[in-house]
Amino acid sequence: MRVYNTLTGKKEEFISINPGKVGMYVCGITAYDVCHLGHARSAIVFDVMKRYMRYSGFEVRHVRNITDIDDKIIKRAAQEGVSTVDIAKKYTEEYYRDMDRLGVSRADVEPKATEHIPEMIEIIKGLIESGYAYSVHGDVYFRVSRFSDYGKLSRRSLDDMMAGARVEVDEKKENPLDFALWKASKPGEPWWDSPWGKGRPGWHIECTAMSMKYMKYMGESFDIHGGGADLIFPHHENEIAQSEAFTGRPFVRYWLHNGFITVDKEKMSKSLGNFFTIKEILDKYDPEVVRYFLLSTHYRSPIEFSDAQLSESEVSIDRYYSTVLRVNDFLNEPSAISHQPSAIKVVEEFEKQISSLKEKFMDAMDDDFNTALALGHIFELIREANKFLDAKPRGQKAGELVAKSKEVLTELGNILNIFNRTPHEWYISLMKVKNVGFTEGDILNEITKRHGARQKKDWALADKIRNELEEKGIILEDKKDTTKWKIKVG
RNA sequence: GGCGGCGUACCCAAGUGGUUAAGGGAGAGGUCUGCAAAACCUUUAUCCAGCGGUUCGAAUCCGCUCGCCGCCUCCA
């Protein structure tokens with residue numbers, strides 16, 4: 001397996017510290033507002049990495065933190081006239097609701113900052129003792145000039161950063177680039193006791209404390225640290241500085257960062273206000289569509305968000321379920337396997353396609369989690385399966401192959417956590433999302449009515465019924481001796 | 001100002017030194033069908049922003065130009 005490591009700027013062979021085991025820490029959210037699509041991308045991408053590594057045989061320990069105390073939470077609490085605890089609780093719940101709907105699995109440990117204050121204080125004390133940090137009027141800052149590797153992740157030097165015009169000068173800091181490990185609390189703000197007085201932790205220290213605590217079994221380094229690319233600087237840079245200054249050892253082996261979602265080519269972000277919340281997107285699209293959309297581009301590339309793109313993803317998934325529908329029909333047709341077997345050549349060709357898919361899929365995923373390519377391979381088999389079914393295959397072997405193809409597609413889909421419903425569940429779900437004014441019973445009634453008309457060769461009435469349903473977003477497809485319904489996509 | 005990334009068909013998107021440049025959508029033609037839909041087949045980039053260079057050979061490496069974006073401040 002090869003992964004792109006932000007630290008080295010290269011794709012590298014992935015070698016875990018402990019053979020067969022992977023420790024992965026991913027920065028979660030700050031619970032101060034509802035999540036937007038950008039949060040979904042990060043969560044989904046790292047969820048898929050975890051699923052794939054487990055599928056490949058790794059034992060993965062996944063830690064994802066929740067920041068439940070910070071400036072933005074304090075601000076929000078003040079605005080709403082409630083406590084920071086209430087704000088954090090409310091938005092943590094919202095976050096879990098969104099993630100559950102999107103099919104993002106829980107991490108093995110989901111630590112909260114406020115539950116690890118003593119651990120943070122210990123690290124800060126150690127950093128002060130070794131001269132890497134200093135306290136001023138109840139604040140504690142990290143002394144970046146003391147850490148010679150500062151800037152190695154984001155590839156910039158202290159001089160470069162000083163040259164940047166946007167460094168705020170703070171009287172209390174020795175160097176404007178020094179960052180807070182501990183902040184003295186202002187009146188009315190939440191606080192914890194510390195050797196430097198009442199205060200609260202800075203943002204970066206929680207990840208150092210919690211990753212060390214929950215990755216401890218690995219030693220003082222762990223394998224993967226992930227998050228959005230916007231965390232590279234300063235957050236992850238600062239984590240490296242604190243952690244490596246404290247332990248004197250490398251903090252993390254592989255730094256993985258996902259790219260942004262853009263709107264009109266610009267980064268989707270809170271500050272630009274061009275964001276779409278997960279909730280509002282899920283009002284219009286099935287969660288599987290959102291997942292597919294986010295996995296149809298490589299995780300490090302930007303993805304342009306648009307309704308057109310989501311609709312295309314919807315069409316792609318529909319192609320999958322339409323094929324499964326055909327596969328199921330075939331498997332339920334007993335005459336198919338009892339007949340004389342089909343030509344050996346056709347059968348062998350399909351067998352080859354099925355057996356090569358898994359390998360191609362894994363090759364793609366092994367190459368820095370190339371989900372876009374992996375999905376491309378899946379659709380190659382979809383085409384082959386349809387082609388095989390078009391050839392009206394017969395015989396027991398043909399039946400086994402069709403069943404096998406479905407099995408493989410389901411197995412690989414599970415890694416991405418898509419393609420794991422029945423076609424019927426897919427269409428029922430679309431019915432809700434698209435506000436089709438019909439129940440399934442209504443549709444079946446119409447189909448029965450139309451069936452009568454068709455038997456009488458009353459094509460005018462049959463077409464009228466079909467057209468009326470289509471206007472409601474319901475598609476009828478006539479099969480050999482039955483009629484299937486679907487929900488119109490795209 | 002410093003650092004970094006991107007530019008592949010009508011649209012989205014893989015591919016980063018070597019047979020026919022994945023896959024999906026859209027378009028055109030065909031097969032199938034009562035007609036459709038779905039599916040399948042054929043077709044749509046002699047070419048990968050432009051120019052130059054390295055090489056037997058480049059979309060893929062190097063240089064320059066143009067365009068777009070990101071980070072340097074909170075941010076997934």
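Throughout, a chain's letter reflects where its sequence line sits, starting with A, and its residues are numbered from 1.
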Exercise for review: Examine A/Arg155 relative to A/Phe233 and say whether NZ or CZ is less than 6.0 Å from the centre of the six-membered ring and inside a 45° cone about the ring axis.
Suggested key: no
In terms of side-chain heavy atoms of [X], which of [options] is nearest?
X: A/Asp390; options: B/C11, B/A39, B/C69; result: B/A39
X: A/Ser301; options: B/A14, B/A76, B/A39; result: B/A14
X: A/Glu477; options: B/A37, B/C40, B/G34; result: B/A37
X: A/Arg454; options: B/C35, B/G24, B/A14; result: B/C35
X: A/Asp160; options: B/G2, B/A14, B/C35; result: B/G2

Check your understanding: Base, sugar-phosphate alone, or nothing: which one does A/Lys72 contact when heavy atoms must sit under 4.0 Å apart?
Key -> sugar-phosphate
Check your understanding: Any side-chain heavy-atom pair from A/Cys207 and A/His235 closer than 4.5 angstrom?
Key -> yes
Check your understanding: Under the criteria of a ring-centre distance below 5.5 Å and an interplanar angle below 30°, is A/Trp459 stacked with the base of B/G34?
Key -> yes
Practice item. Between A/Ile382 and A/Glu304, name the one whose nearest nucleotide on RNA chain B is closer to the 5' end. Key: A/Glu304
**Study point:** Residue closer to the 5' end of RNA chain B, A/Arg155 versus A/Gly28 (nearest nucleotide)
**Key:** A/Arg155
Practice item. Considering non-hydrogen atoms only, spot the tightest contact between A/Arg41 and A/Phe260 and give its length. Key: NH1-O, 3.0 Å
Review point. Parallel, tilted or perpendicular for A/Tyr25 and A/Phe222, by the 30°/60° rule?
Key: tilted
Point to revise | Complement of B/G67, any strand, by Watson-Crick or G-U distances under 3.5 angstrom | key: B/C6
**Study point:** Pairing nucleotide - B/C61, Watson-Crick or G-U, each distance under 3.5 Å
**Key:** B/G53
Review point. Counting only side-chain N and O atoms of A/Lys387, is one of them less than 4.0 Å from OP1 or OP2 of B/C41?
Key: yes
